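Atoms considered below: every heavy atom in the structure, side chains included; atoms not considered: hydrogens, waters and symmetry mates. Worth saying up front: this structure is predicted, and the values here are computed from it rather than measured.
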Amino acid sequence: MSTIKLDPIDLRILNAVQGNGRITREELAEQVEQSQALCWARLKRLEEAGVVKGYHATVAMRQVAPVATVLMEVTLSAHRQVDFERFEQAIKEVPEIVACWSVGGGVDYMLKIVARDIEGYQRLVDDLLARQLGIDRHFTYIVIKTVKDEGALPLERLVPDDIGA
């Protein structure tokens with residue numbers, strides 16, 4: 001995967017839209033301290049380059065209905081490319097699996113699952129096991145309390161210093 005060259009103005013634009021995906025042209029220009037036309041053109045370039053992948057609303061699900069959030073470690077029984085591809089394709093088709101990461105360190109995947117309740121989670125696991133996706137072992141961690149959940153990326157800490165701020 002190649003990276004795109006960014007400058008301090010791009011970083012300020014990215015910080016602004018991370019904080020407010022519905023930001024107006026005027027507000028963006030004010031925050032970035034550049035013209036509306038320049039900011040909007042750069043934002044469109046960042047979108048077209050795939051740096052800005054989309055905009056979404058964050059739903060406070062527990063205010064809508066009680067849910068069970070579960071983290072699940074998965075280890076596959078075989079480790080051929082076809083085994084990983086089969087598992088990953090199946091995971092992408094399950095809406096309750098809201099995140100899946102391929103990881104190192106003794107397990108193959110970490111999944112974040114949101115189900116109506118623990119019984120719903122167990123039905124989901126039973127279905128995955130019945131589909132014979134090559135799951136050898138799985139461990140379940142029930143989320144008791146969310147302390148922090150995917151905030152804005154700290155761009156100023158992640159982007160190399162030579163770009164500046």
Atom pair [atom1] ([X]) and [atom2] ([Y]), whose distance is rounded to the nearest 0.5 Å:
| X | Y | atom1 | atom2 | result |
| --- | --- | --- | --- | --- |
| Leu76 | His138 | CG | NE2 | 13.0 Å |
| Ile142 | Ile118 | CD1 | CD1 | 3.5 Å |
| Gln18 | Leu153 | CD | CG | 4.5 Å |
| Leu155 | Asn15 | CG | CG | 4.5 Å |

Worked verdict on Ile13 versus Gln31 for side-chain contact (heavy atoms from CB on, under 4.5 Å): CA-CA 8 Å; Ile13 291 169; Gln31 284 188 32; over 6 Å; no
Check side chain to side chain donor-acceptor pair (under 3.5 Å) between [X] and all other residues, then give those that pass, not counting sequence neighbours.
| X | answer |
| --- | --- |
| Thr140 | Tyr121 |
| Asp83 | Arg80 |
| Arg86 | none |
| Asp10 | Arg42, Arg45 |

Test log, rule side-chain contact (heavy atoms from CB on, under 4.5 Å), inputs Val143 and Val70: CA-CA 6 Å; Val143 175; Val70 180; over 6 Å; no
Members sharing Val147's hydrophobic cluster (side chains within less than 4.5 Å): none
Residues forming a salt bridge (charged side-chain N to carboxylate O under 4.0 Å, His left out) with Asp149, sequence neighbours excluded: Lys112
Contacts of type ring-ring contact (aromatic ring centres under 6.0 Å, His included), residue His56, not counting sequence neighbours: none
Residue list, ring-ring contact (aromatic ring centres under 6.0 Å, His included) with Phe139, at least two apart or on another chain: none
Step-by-step side-chain contact (heavy atoms from CB on, under 4.5 Å) determination, Val67 to Arg116: CA-CA 5 Å; Val67 294; Arg116 183 172 291 174; 5.9 Å; no
May I have the list of side-chain donor-acceptor pairs in residues 88-106 shorter than 3.5 Å, sequence neighbours left out?
residue : atom : partner : partner atom : Å
Glu88   : OE2  : Tyr109  : OH           : 2.6
Gln89   : NE2  : Glu93   : OE2          : 3.2

Donor-acceptor pairs are to be reported for all side-chain atoms of residues 124-132 against protein atoms at under 3.5 Å, with residues two or more places apart or in another chain.
residue : atom : partner : partner atom : Å
Asp126  : OD1  : Gln122  : NE2          : 2.9

Validation: residues 21-28 side-chain donor-acceptor distances under 3.5 Å, sequence neighbours left out:
residue : atom : partner : partner atom : Å
Thr24   : OG1  : Glu27   : N            : 3.0
Thr24   : OG1  : Glu27   : OE1          : 3.3
Glu27   : OE1  : Thr24   : N            : 3.0

Check: His79 and Phe84 side chains under 4.5 Å, non-hydrogen atoms: yes
Donor-acceptor contacts under 3.5 Å from residues 32-40 side chains, at least two apart:
residue : atom : partner : partner atom : Å
Ser35   : OG   : Leu38   : N            : 3.1

